[in-house]
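Residue numbering restarts at 1 for every chain, and letters A, B, ... go by the order of the sequence lines. Being a predicted model, the structure only gives us computed values, none of them experimental. All values below were derived from every heavy atom in this structure, side-chain atoms included, with hydrogens, water molecules and symmetry-related copies excluded.
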Amino acid sequence: MADTAAVSPADAPARDFIRDAIRQDIAAGKTAGGVVTRFPPEPNGYLHIGHAKSICLNFGLAREFNGRCHLRFDDTNPAKEEQEYIDSIQADVRWLGFDWGTHLYYASDYFEQLYAWAEHLVTTGHAYVDDQTAAEIRENRGTLTEAGRPSPFRDRPAAENLDFLRRMRAGEFADGARVLRARIDMASGNINLRDPVLYRILRARHPRTGDTWYLYPTYDFAHGQSDAIEGITHSICTLEFEDHRPLYDWFLAHLPVPSQPRQIEFARLNLTHTVLSKRRLIQLVRDGHVRGWDDPRMPTISGIRRRGYPAGAIRDFCARIGVAKANSTVEIQYLEHCVREYLNAAALRRMAVLDPIKVVIENYPEGQVEELEAVNNPNDAAAGTRKVPFGRELYIERDDFMETPAPKFFRLAPGREVRLRYAYLVTCKEVVKDAAGEVTELVCTYDPASRGGNAPDGRKVKATLHWISAARGVPAEVRLYDHLFRSPDPDAGGDWLADLNPDSVKVLAGAVVEPALAEARVGEVTQFERQGYFCVDPDSTPGKPVFNRSVGLRDTWAKVQARGG
RNA sequence: UGGGGCGUAGCCAAGCGGUAAGGCAGCGGGCUUUGAUCCCGUCAUCGCAGGUUCGAAUCCUGCCGCCCCAGCCA
């Protein structure tokens with residue numbers, strides 16, 4: 001399945017408050033060097049669909065404005081970060097279809113410069129070393145309605161602060177013994193301005209800098225300055241950082257930074273029937289509620305990829321949900337729609353019987369096999385055709401037969417004639433059951449004159465079924481997925497884990513697929529006609545392919561059934 | 001009760017003073033060798049209340065509701 005398949009993104013150029021702001025900045029001459037954005041993940045977990053929104057936004061902006069987008073790891077907290085995450089994040093961004101060129105950076109690349117700026121703030125009287133414990137600092141920070149109290153060390157002489165800061169760097173003090181704080185305003189209504197911590201002592205091995213540092217900058221002290229160093233013009237982040245913008249700007253104003261980036265905040269993505277917080281995703285993996293970060297039920301990029309969602313569909317989804325500042329939760333059905341739409345154009349059609357029931361065509365010659373021509377994609381003539389073997393013994397879907405057909409059920413039933421796709425019209429003559437009363441076989445007759453699917457007399461049938469030759473079909477395992485959580489908002493009930501969907505995966509070990517599918521490669525997605533889109537899982541073995549259902553086809557019959565009871 | 005945001009249909013979202021785009025879902029219909037795709041139709045007066053104006057979702061005022069902030073996390 002080519003990722004280049006046509007999906008028409010909105011014809012009109014995207015329009016949102018961020019693009020408007022950038023256009024204004026360009027018009028005002030504030031972007032002489034071009035528009036530069038960045039995607040700044042912390043390598044403490046795997047990327048998920050929410051990050052995809054940010055990635056598409058940042059890289060998309062760079063593309064639209066002929067600028068560039070940097071990939072920068074926000075690796076300021078070695079206690080939580082790992083190389084595994086650094087690697088997976090790069091793979092995921094690439095898979096999504098974006099390229100940072102030579103612009104791969106790490107906040108840790110700037111540790112030396114950041115430290116120099118810390119000394120600068122100390123020297124200019126804008127920062128001080130605080131000896132208070134973490135508890136004391138918290139205590140003195142005040143509350144939402146009460147101002148904070150100044151630290152007893154707040155007015156320490158600059159020379160003394162500088163000495164302590166250098167000794168902090170030299171590793172003379174224990175973890176947590178002292179911190180460097182900005183001297184701003186302990187009474188500010190914005191708590192971020194109540195003398196925020198700039199550096200903390202932390203003896204942890206950093207994935208990139210190893211053991212060279214005993215102190216690490218906080219996010220606030222690292223982020224804006226890193227943006228400034230890289231010449232980022234627009235630093236786009238999520239709403240929870242809105243309160244940090246005054247601090248972001250404060251650093252840019254008080255330090256001799258090489259550029260003045262602008263921070264703009266947008267609402268992060270929320271999706272129904274899943275969770276998107278890193279903490280929870282980690283918990284799902286660690287506690288074994290899923291099989292790993294790439295479990296097809298996970299909203300992670302790696303999970304989505306294994307599930308068979310094409311990168312192009314994700315990009316389309318991100319473009320269609322838009323960017324705004326209102327908190328919002330997108331229905332997961334919208335994502336599924338985008339996947340279907342993309343795959344409808346791109347995926348080849350095949351036949352597969354998930355839950356087989358045997359059919360014997362009693363008037364079809366024993367031992368005879370015919371190769372019937374089937375279309376690969378009715379919406380794309382260029383996809384060509386293939387041959388599908390037909391024989392006396394076949395399998396059809398158990399759901400496609402009802403001994404006593406319900407109203408509006410127009411598939412196979414005793415005495416009823418239906419079409420076997422690309423093959424013949426067949427009529428059910430007899431129902432064979434086992435001792436338990438379970439239907440084990442259907443005896444049918446076929447109309448030899450209906451080869452290909454149409455009768456010369458022009459008579460119509462109301463249903464067309466997919467089928468597989470019993471002799472030539474290939475056994476397969478098929479995994480059907482449903483939403484990971486039962487309710488739209490797993491949090492609503494108070495205990496999100498209690499909302500886990502016990503039926504989020506259903507394994508069908510006895511499926512049988514057409515021969516052409518035996519050659520499908522891992523990751524390839526095809527449409528199983530009348531059922532959905534299925535992706536070859538890496539668990540596949542030479543004799544037995546394993547398929548993940550990416551998403552089902554729209555099922556009007558299921559809807560009718562549900563409505564009718 | 002401090003500070004910062006947000007409120008347009010079930011969901012997402014345009015709109016930037018001139019009389020409510022689009023997509024998803026839903027509903028009705030057409031086409032059909034996938035009950036798929038595709039096609040057509042249908043589906044809101046903009047949180048509330050005042051005010052300004054010839055005219056307001058768009059401006060002003062006051063309410064109401066929701067979200068974020070008191071990590072040496074990001």
Side-chain angles (χ1 to χ4, degrees), chain A residues 10 12 15-16 20 40-42 44 74 76-77 79-80 130 132-134 137-139 141-148 175-181 187-194 196-202 215-216 218-220 222-223 237-246 265 267 269 272 278-279 320-338 340-341 344-345 349 351 374-375 377-379 408-411 419-423 425 452-454 460-466 488 527-532 552-560:
Chain A
R15 182 102 203 171
D16 55 62
D20 286 347
E42 181 189 13
N44 67 343
D74 226 324
T76 57
N77 185 359
K80 295 184 174 179
D130 194 346
Q132 292 184 104
T133 63
I137 289 178
R138 189 186 326 120
E139 182 91 351
R141 184 148 30 222
T143 67
L144 296 180
T145 53
E146 300 165 36
D175 284 14
R178 280 177 238 265
V179 293
L180 180 72
R181 291 228 257 169
S188 174
N190 181 343
I191 292 176
N192 294 300
L193 263 22
R194 320 240 265 227
V197 171
L198 273 31
Y199 271 95
R200 72 283 210 184
I201 300 172
L202 219 193
L215 74 180
Y216 292 93
T218 55
Y219 163 84
D220 284 312
H223 203 90
C237 62
T238 44
L239 252 28
E240 65 270 28
F241 293 102
E242 212 153 14
D243 283 344
H244 294 243
R245 184 160 17 102
E265 313 83 13
L269 171 67
T272 61
K278 270 189 190 174
R279 196 200 109 233
R320 291 165 73 160
I321 56 175
V323 182
K325 293 195 72 163
N327 288 316
S328 60
T329 302
V330 177
E331 293 174 336
I332 201 164
Q333 288 82 359
Y334 198 10
L335 207 208
E336 292 166 353
H337 165 81
C338 291
R340 269 192 210 101
E341 185 174 277
N344 175 52
R349 269 102 246 238
M351 290 197 283
V375 173
N377 186 339
N379 300 329
K408 293 183 184 168
F409 178 88
F410 43 80
R411 275 114 89 150
R419 172 166 41 236
L420 293 183
R421 179 145 233 228
Y422 300 125
L425 262 31
N454 286 310
K460 302 290 187 194
V461 291
K462 295 195 74 175
T464 298
L465 312 185
H466 59 277
Q527 182 194 101
F528 288 1
E529 293 217 39
R530 303 208 304 135
Q531 305 194 95
L553 252 28
R554 260 176 73 223
D555 190 348
T556 306
W557 166 236
K559 205 184 292 178
V560 170

Should A/V179 and A/Q132 count as side-chain neighbours, where that means a heavy-atom distance under 4.5 Å?
no
Ring pair (Phe, Tyr, Trp, His ring centres under 6.0 Å) partners for A/H466, two or more places apart:
none
Any donor-acceptor N or O pair under 3.5 Å, side chains A/N379, A/N344:
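A/N379 vs A/N344: donor-acceptor pair found between side chains.
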Short side-chain N/O contact to B/rA74 OP1/OP2 from A/T76, under 4.0 Å:
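Yes, within the criterion.
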Answer with base, sugar-phosphate or nothing: what part of the nucleic acid does A/Y216 contact at a heavy-atom distance below 4.0 Å?
nothing
NZ/NE/NH1/NH2 to OD/OE distance under 4.0 Å, [X] and [Y]:
X: A/R141; Y: A/E146; result: no
X: A/E242; Y: A/K325; result: yes
X: A/D20; Y: A/R15; result: yes

Between the base of [N] and the side chain of [X], is one N or O donor paired with an acceptor at under 3.5 angstrom?
X: A/H244; N: B/rA74; result: yes
X: A/Q527; N: B/rU34; result: yes
X: A/D20; N: B/rC16; result: yes

Might you list the N or O atoms of the protein lying below 3.5 Å from N or O atoms in nucleotides 4-7 of chain B, with each pair's distance?
residue, atom, partner, partner atom, Å
B/rG5, O2', A/E242, OE1, 3.4

What's the gap between B/rC59 and B/rC46 when it is taken at their P atoms, as a whole Å value?
15 Å
Which nucleotide in the set [options] lies at the smallest distance from any side-chain heavy atom of [X]?
X: A/R15; options: B/rC68, B/rG15, B/rU34; value: B/rG15
X: A/L144; options: B/rC69, B/rG35, B/rU34; value: B/rC69
X: A/V197; options: B/rA36, B/rC72, B/rA74; value: B/rC72

Could you tell me whether the side-chain ring of A/Y219 sits stacked on the base of B/rA74, using a centroid cut-off under 5.5 Å and a plane angle under 30°?
no
A correct 5'-to-3' footprint of nucleotides 22-27 of chain B, with B, S and - meaning base, sugar-phosphate only and no protein heavy atom under 4.0 Å, is -BSSSS
